[in-house]
Amino acid sequence: MSERFRFPDEFLWGSAQSAYQVEGNNYNNDWYEFEQIPGVIKNGDRCGESSDHYNLFESDFKLLRELNQNALRTGIEWSRIVPEENVVNEDELEHYHKVIESLRKNNLTGFINIFHFTIPIWLERKGGFLKTKNLEYFQHYCEVLAKNFPEVDFWNTINEPGVVPLLGYLYGDFPPRKKSITAFAKVYRNMIRAHAIAYRKIKEYNPRSQVGIVKTMPYFYQKYHSRLWKKWIVSAMDFAYNQVMFNALNKGKLPFVPFSHHKMIKDSSDFFGLNYYDPVFFKFKFGIPLETDFKLPEQSETTQMGWGIYPKGLYEDIMRVKKEFKGPIYITENGIATLQDEQRQKFIVAHLVEVHKAISEGANVKGFFYWSSLDNWEWAEGFEPRFGLIGIDYKTKKREVRESAKMYGSIAKENGISEDLLSKYEIENPYKTNITTKKDLVI
Ligand code: BGC
């Protein structure tokens with residue numbers, strides 16, 4: 001093999017999924033209810049049996065291991081554990097014990113997600129995350145997990161604390177379909193509080209577990225705008241969506257509350273989980289950034305989600321996290337929805353090259369999780385988008401190992417990317433211009 005972009009020893013090569021998106025047969029949370037409303041989900045899809053991972057997890061894990069992955073980010077479905085107020089379902093605890101044990105048997109380091117967008121119906125009826133008092137119920141759920149799963153080494157607290165406030169409370173595309181800026185701000189604050197609650201609870205019972213936030217950071221492309229005032233507005237939007245998270249972790253600040261300082265929130269993450277998919281571009285009308293595009297104006301190639309492909313954004317994001325956060329970084333999600341698997345292969349290599357570049361410049365990135373392990377339920381987009389390394393036939397539940405899964409597996413096995421792969425997909429070598437010796441290619 002030619003010279004390769006080697007990754008640090010013990011790098012985690014994994015993929016990611018969430019409980020509700022793959023398990024199937026979840027009928028007790030806000031998403032199940034939401035999906036019954038006509039017109040809210042593309043093509044009228046319903047999550048239903050989804051990929052039936054609840055029943056097939058053992059063979060799925062075996063397959064992922066055979067594909068050389070050594071880690072998996074997956075989750076626990078809150079509404080299974082606490083189906084009714086003050087009721088804990090022991091059978092479901094047992095189920096997730098089996099899941100976690102199976103990860104261990106297959107040598108997959110588990111990153112276990114506590115909250116990934118869904119809440120039990122009974123709690124939704126009480127006002128969900130809009131009511132700060134309801135965080136008591138979240139605390140109880142975290143305590144149940146902390147007590148029952150001491151074997152978990154890595155926990156993810158809240159998946160993307162900005163997304164439910166934005167899509168559920170400001171744009172109204174997710175449950176509970178609210179459109180209110182004050183609700184957005186309130187729920188964002190409660191998500192941050194919930195993160196801190198989860199962190200403290202798990203640490204109280206299992207101090208050696210590593211517990212961290214997972215934050216999505218679309219790349220806010222300020223540079224693109226030539227006018228200073230537009231750049232300023234874009235950076236204000238970036239502040240409201242992204243910077244608030246760093247301010248919470250570094251200074252204990254709650255979003256949009258000047259001078260707040262909460263000891264419980266400050267330093268409440270052992271690692272930073274970074275999710276990255278695309279750039280964000282604001283179209284201005286009457287001086288206001290009225291429309292959001294998830295691609296840059298000149299980009300013609302998009303994914304099934306309509307998102308532009310901009311690998312450098314991942315590099316920029318990692319370097320920003322490096323500056324703002326002192327601990328290790330994991331890329332907890334990065335992936336593409338496409339019907340062309342070749343496009344997926346290129347996407348993966350192009351993004352990994354940027355991860356490598358960031359590492360070579362000192363970023364402490366310790367793992368990468370491709371989104372997603374399996375094709376799955378893509379929320380309001382239903383089943384159409386195909387993110388999986390492993391394809392699913394939703395009728396038969398048959399698994400199809402895509403070429404990209406094999407390619408990703410060979411990168412994992414080699415713990416590096418060969419230059420042949422770069423040439424194959426015509427990806428620019430980011431080091432080309434300043435390589436002086438061959439050693440410059442490796443870390
Ligand atoms: C979420 C996933 C989702 C993915 C692709 C992430 O923001 O964590 O649940 O499927 O993006 O849209």
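It should be emphasised that the depicted structure is a prediction, and the values quoted were computed from it without experimental measurement. Order of listing sets the numbers, starting from 1, for every ligand and every atom in it.
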(request) Using atom types as modelled and distance alone, determine if a side-chain donor or acceptor of T338 lies under 3.5 Å from a backbone N or O of Q304. (result) no
(message) Just to be sure I read this right, does ligand 1 sit under 4.0 Å from the backbone of V163, its side chain, both, or neither, counting only heavy atoms?
(response) neither
(request) Could you name the option among E378, M305, H116 that has the heavy atom nearest to atom 10 (O) of ligand 1? (result) E378
(message) Is it the case that ligand 1 has an N or O less than 3.5 angstrom from some N or O of T216?
(response) no
(request) Check whether any N or O atom of W379, backbone or side chain, sits under 3.5 Å from an N or O atom of ligand 1, and answer yes or no. (result) yes
(request) State the atoms of ligand 1, each with its element, that fall below the 4.0 Å cut-off from a heavy-atom position in F387. (result) 5 (C)
(message) Regarding ligand 1, does W307 bring an N or O atom to under 3.5 Å of one of the ligand's N or O atoms?
(response) no
(message) Using modelled atom types and a 3.5 Å cut-off, is there a donor and acceptor pairing between side-chain atoms of R73 and backbone atoms of G14?
(response) no
(request) Look at atom 6 (C) of ligand 1 and say which protein heavy atom is nearest, naming residue and atom and giving the distance to 0.1 Å. (result) E333 OE1, 2.9 Å
(request) Using the six-membered ring wherever Trp is involved, compare the ring planes of Y20 and W379 and label them parallel, tilted or perpendicular (cut-offs 30° and 60°). (result) parallel
(request) Can you see which heavy atom on H351 is nearest to which on P311, and at what distance? (result) NE2-CA, 3.5 Å
(message) Is it true that Q17 and S372 share a donor-acceptor pair across their side chains at a distance under 3.5 Å?
(response) no
(message) Salt bridge check, E101 against R104: does any charged N sit closer than 4.0 Å to a carboxylate O?
(response) yes
(message) Quick check: F138 with W78 (ring centres under 6.0 Å apart)?
(response) yes
(message) Suppose I only count heavy atoms of E160 and a 4.0 Å limit; which atoms of ligand 1 are within that range?
(response) 1 (C), 6 (C), 7 (O), 8 (O)
(message) Counting non-hydrogen protein atoms only, what is the nearest one to atom 4 (C) of ligand 1? Give residue, atom name and distance.
(response) Y277 OH, 3.4 Å
